[in-house]
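Working notes, structure below.
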Amino acid sequence: MTDHDIFAALRARTVALLAELLPDLPGEAFARVQMEPPRDPSHGDMATNAALVVAKQARQAPPRLAAALAERLAALPEVESATPAGPGFVNLRLRDAFLLAQVPVILAEGERYGDGQAGAGRRVDVEYVSANPTGPMHVGHCRGAVVGDALANLLAKAGWAVTKEYYVNDAGAQVQALGYAAYWRYLQALGTSMGEEAFAAQVPGGLQYRGEYLIPVGEALRQRFGDSLARRDEVHGFAMRPPAEWLGTVREFAVGRMMEMIREDLAALGVFQDVFVSEAELVRAGKLEQAEALLADRGLIYRGVLEPPKGKTPEDWEPREQTLFRASQFGDEVDRPLRKSDGSGTYFANDIANHLHKIERGFAELVHVWGADHGGYVKRMQAAVAALSGGTVPLDVVLTQIVHVVKDGQPVRMSKRAGTYVTLRDLIDEVGRDAVRFTMLARKADAQMEFDLDKVVEQSRDNPVFYVQYAHARIRSVLRQAGDPPAGDLTLAPLGSLTEPAELALLRRLTTWPRIVEAAALAREPHRIAFFLHDLASDFHVLWNKGRDDATLRFIRADEPEATRARLALVAATGTVIRSGLAVMGVTPVEEMR
RNA sequence: GCACCCGUAGCUCAGUUGGAUAGAGCGUCGGCCUCCGAAGCCGAAGGUCAGAGGUUCGAGUCCUCUCGGGUGCGCCA
């Protein structure tokens, strides 16, 4: 039990008092009662809309009800004053002693401060990254990886039981193409004299994935299989055997190598997922047929012909009969194909199998992080999950927008051919893991983002990574200077000397941390953590700078050991909350700036 | 053509899921280093929340329409 949200506590008090005032109202009447920090600090520490939201049912004028409620709230030991305001708000000013009492709470809880129960221990599966295992990760994958990882951390902090999952798309045409590409590098490793284009001409769909990263895979294939997968050829030395004899083997081998590479990339980014689910294995295990049978039992599958899309009919469109899922019964615009006209499964069908697998594992909620180009796919997937689970398992999809990389004021084009392909590893090597992670979270996921390689390493105020890290470094600097007093010692410090408005403003900010965590988790918006940390860092820097103008406000005062201890406690609590927030983001707090 | 996302200060973006007089950074202008770290801080100017209706005690937030930008639209994943 680590819920120390003072807003939730005062809200509960308010509801209880209101229930006494209005004994005839049912409990549900109070559901919309809120207790939140007012936008304008001059209104006090907290404000509640309680009188407004129950006035109608109570058949009373909001201002009158607010006045009666304020009178009772004012009598609470936590409350300094309570005043009705505006159309029916009640503004609360808290006693300093109550606020100050939160400092030892934060110190005692440590980084667990802010943990909540909004998730109530429900099991949630967060699937993210899920890049095709056909090459190294590039910056396009990076945002989803960071957002997904931070979101998973956030949900865990807010009380969900989280599984971090990677869905390996190892069953489609893409990995087939990877197999051919790896085989080409294998022939090269054997020393074939065949030209690349000559080989490409023999590959259905042409040779894709020509990047150099497959050269070691070709060499590894040679070491593992010798020349047994190739055919001796008088002209070229070695040439291609019929694909049926090697394609499965090579594909599997190559996918394995790609996944190793991707996992190394993810590790460099600080992302460690719990579960890697293979699409190919799900298919092999018959999950697709199982899901189809389940939907058929519920009468949700039929044979039919889809209408062409209105307005823009594809050139080669012709009506074909397909196996369709009644997605339109679950809020989608049209029914969606499960099988192509040749009878093989669509990607959607395999994804349904994937979701059946999740539901069978007992998750109460599903979350996905997808690129925005998959936005059109959300409704049908939600429809499928609703159908499979009988509407009991919600699926939330967080979409991440494109990241434009900029260097020297110029956009960096993402082109493999031009050699300006930016891999995730390049990015991390250039600016560091923490800067990558923080920056990716410094914007709402569904907003396009410019990633300026020069700016994220810039040491200035307009670089939020730096700004927050700098606050933490200053805090560590102060504590080191004071001989690093243990938190247990500071917990006992008398705090009555903390009366400076900037000190209390900082403390007020700290007390909002639990509700920030909860709200961000419910909204599935990890970027709010980054913004909170920026605000918190700002409050701290303000206080620090007061000490420049007024020596009596410095944290360490040789002549005032008592006041020093109190301030060190506040500073230590601030450091704790910053670390707590950075932990959600997966960013390492620094001891000093270098 | 249809669906989804978006439109907030000159620029980049927040806005506590319907709350009070819409905020922050950058940029601009004006101040502040004998100092526990000035890589910083304080102050000022800057707005028809794209536009028009609607819902209600209350709308940047919800609904409808219009304008503008992005993404997607059977046999790709």
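Just so it is clear: chains get the letters A, B, ... in the order the sequence lines come, proteins before strands, and each one is counted from 1. Everything numeric here is computed off the predicted structure, so don't read it as measured data.
Rounded to a whole Å, the CG atom of A:D446 is 13 Å from the C1' atom of B:G7. Going from atom NZ of A:K340 over to atom P of B:G74 covers 14 Å, rounded to whole Å. Taking atom CZ of A:F348 as the reference point, atom P of B:G72 lies 19 Å away to the nearest angstrom. Atom C1' of nucleotide B:C5 and atom CD of A:Q382 are separated by 14 Å, given to the nearest angstrom. Between the P atom of B:A38 and the NE2 atom of A:H541 lies a distance of 11 Å, rounded to the nearest Å. Between A:H141 atom NE2 and B:A77 atom C1' the separation is 11 Å, expressed in whole Å. Distance A:R64 CZ to B:C57 C1': 17 Å, rounded to the nearest Å. Look at NE2 on A:H368: it is 15 Å from C1' on B:A77, rounded to the nearest Å.
For A:T48 (side chain) and A:V90 (main-chain N/O), no donor-acceptor pair under 3.5 Å exists by modelled atom type. Judged by distance alone, the side chain of A:D45 and the main-chain N or O of A:L94 form a donor-acceptor pair under 3.5 Å. For the pair A:N132 (side chain) and A:T134 (backbone), a donor-acceptor distance under 3.5 Å is absent.
Using a cutoff of 4.0 Å between basic side-chain nitrogens and carboxylate oxygens, A:R567 and A:E503 are scored as salt-bridged. Ion pairing between a basic and an acidic side chain is recognised when a charged N comes within 4.0 Å of a carboxylate O; A:K444 and A:E525 show no such pairing. A:E127 and A:K358 are joined by a salt bridge, as a carboxylate oxygen and a charged side-chain nitrogen come within less than 4.0 angstrom of each other.
Between A:F540 and A:H472, the ring center distance fails the sub-6.0 Å criterion. For an aromatic pair to be called close, the ring centres must be under 6.0 Å apart, and A:H355 with A:H368 satisfies this.
A:P87 comes within 4.0 angstrom of a base, heavy atoms only. Using a 4.0 Å heavy-atom criterion, one finds that A:A473 contacts no nucleic acid atom at all. If you check every strand for non-hydrogen atoms under 4.0 Å, A:N49 touches a base. Counting any heavy atom pair closer than 4.0 Å across all strands shown, A:N91 reaches a base atom. Heavy atoms of A:V378 sit nowhere under 4.0 angstrom from any nucleic acid atom.
Look at B:C63: its glycosidic torsion is beyond 90° from 0, and that puts it in the anti range.
In the set B:G19, B:C75, B:G40, the nucleotide with an atom closest to the side chain of A:V53 is B:G19. Counting only heavy atoms from C-beta on, A:L306 has its side chain closest to B:G74 among B:G74, B:C36, B:C41. Of the candidate nucleotides B:C41, B:A77, B:G58, B:C41 has the atom lying nearest to any side-chain atom of A:V542. With B:A77, B:A20, B:G40 as the choices, the nucleotide that has an atom nearest any side-chain atom of A:A85 turns out to be B:A20. Listed nucleotides B:A77, B:A20, B:C4 differ in distance to A:K379; the shortest reach to its side chain belongs to B:C4.
Stacking annotation: A:F89 is stacked on the base of B:A20 (ring centroids less than 5.5 angstrom apart, interplanar angle below 30 degrees). B:A20 has its base stacked against the ring of A:H43, the centroids being under 5.5 angstrom apart at an interplanar angle below 30°.
The aromatic rings of A:F532 and A:W513 sit parallel to each other, their planes meeting at less than 30°, with 60° as the upper class boundary. Between A:H527 and A:F531, the two ring planes are perpendicular [angle over 60°; tilted spans 30° to 60°].
Using the Watson-Crick or G-U wobble rule with both distances under 3.5 Å, B:C73 pairs with B:G1. Remark: B:C35 base-pairs with no nucleotide; criterion is Watson-Crick or G-U wobble with both hydrogen-bond distances under 3.5 Å. Base pairing analysis places B:A50 opposite B:U66; the two distances defining the Watson-Crick or G-U wobble pair are each below 3.5 Å. Remark: B:A9 base-pairs with no nucleotide; criterion is Watson-Crick or G-U wobble with both hydrogen-bond distances under 3.5 Å.
One finds a side-chain N or O of A:Y467 lying less than 4.0 angstrom from the OP1 or OP2 phosphate oxygen of B:C41. The side chain of A:W544 places no N or O atom within less than 4.0 Å of a non-bridging phosphate oxygen (OP1 or OP2) of B:C35.
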Determine, stepwise, if the pair A:K379 / A:D332 fulfils salt bridge (charged side-chain N to carboxylate O under 4.0 Å, His left out). CA-CA 5 Å; A:K379 275 191 182 176; A:D332 202 358; 5.9 Å; no

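Taking every heavy atom of residues 320-334 of chain A and every atom of RNA chain B, pairs under 4.0 Å involve A:R320, A:Q322, A:E333, by number.
The residue among A:A47 and A:N169 whose nearest nucleotide of RNA chain B lies closer to the 5′ end is A:A47. Each of A:A442 and A:R480 was assigned the nucleotide of RNA chain B with the nearest heavy atom; the assignment lying further toward the 5' end belongs to A:A442.
The same atom, P, is picked in B:C42 and in B:C33; the two are 15 Å apart, to the nearest Å. Going from the C1' atom of B:U21 to that of B:C49 covers 15 Å, rounded to whole Å. Rounded to whole Å, the C1' atom of B:G23 lies 25 Å from the corresponding atom of B:C32. Taking atom C1' on both nucleotides, B:C57 is separated from B:G43 by 38 Å, rounded to a whole Å. Here, B:A20 and B:G15 have their P atoms 15 Å apart, quoted to the whole Å. Taking atom C1' on both B:U8 and B:A14, the two are 10 Å apart, rounded to the nearest angstrom.
Taking only distance into account, the side chain of A:N350 never meets the base of B:A77 through a donor-acceptor pair shorter than 3.5 Å. In the interface, the side chain of A:R474 is not paired with the base of B:C36 through any donor and acceptor atom under 3.5 Å apart.
Of the inter-residue distances, the one linking A:D351 atom CG with A:S130 atom OG reads 9.0 Å to the nearest 0.5 angstrom.
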Identify all pairs in which a protein N or O lies below 3.5 Å from an N or O of nucleotides 14-17 of chain B, and state each distance.
from	atom 1	to	atom 2	distance (Å)
B:A14	OP1	A:K444	N	3.0
B:G15	OP1	A:H527	NE2	3.3
B:G15	O2'	A:R39	NH2	3.2
B:U16	O2	A:R515	NH1	3.1
B:U16	O4	A:R39	NE	3.2
B:U17	OP2	A:E36	OE1	2.9

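Cation-pi contact between A:R524 and A:W160: present, with separation from the ring centre below 6.0 Å and deviation from the ring axis of at most 45°.
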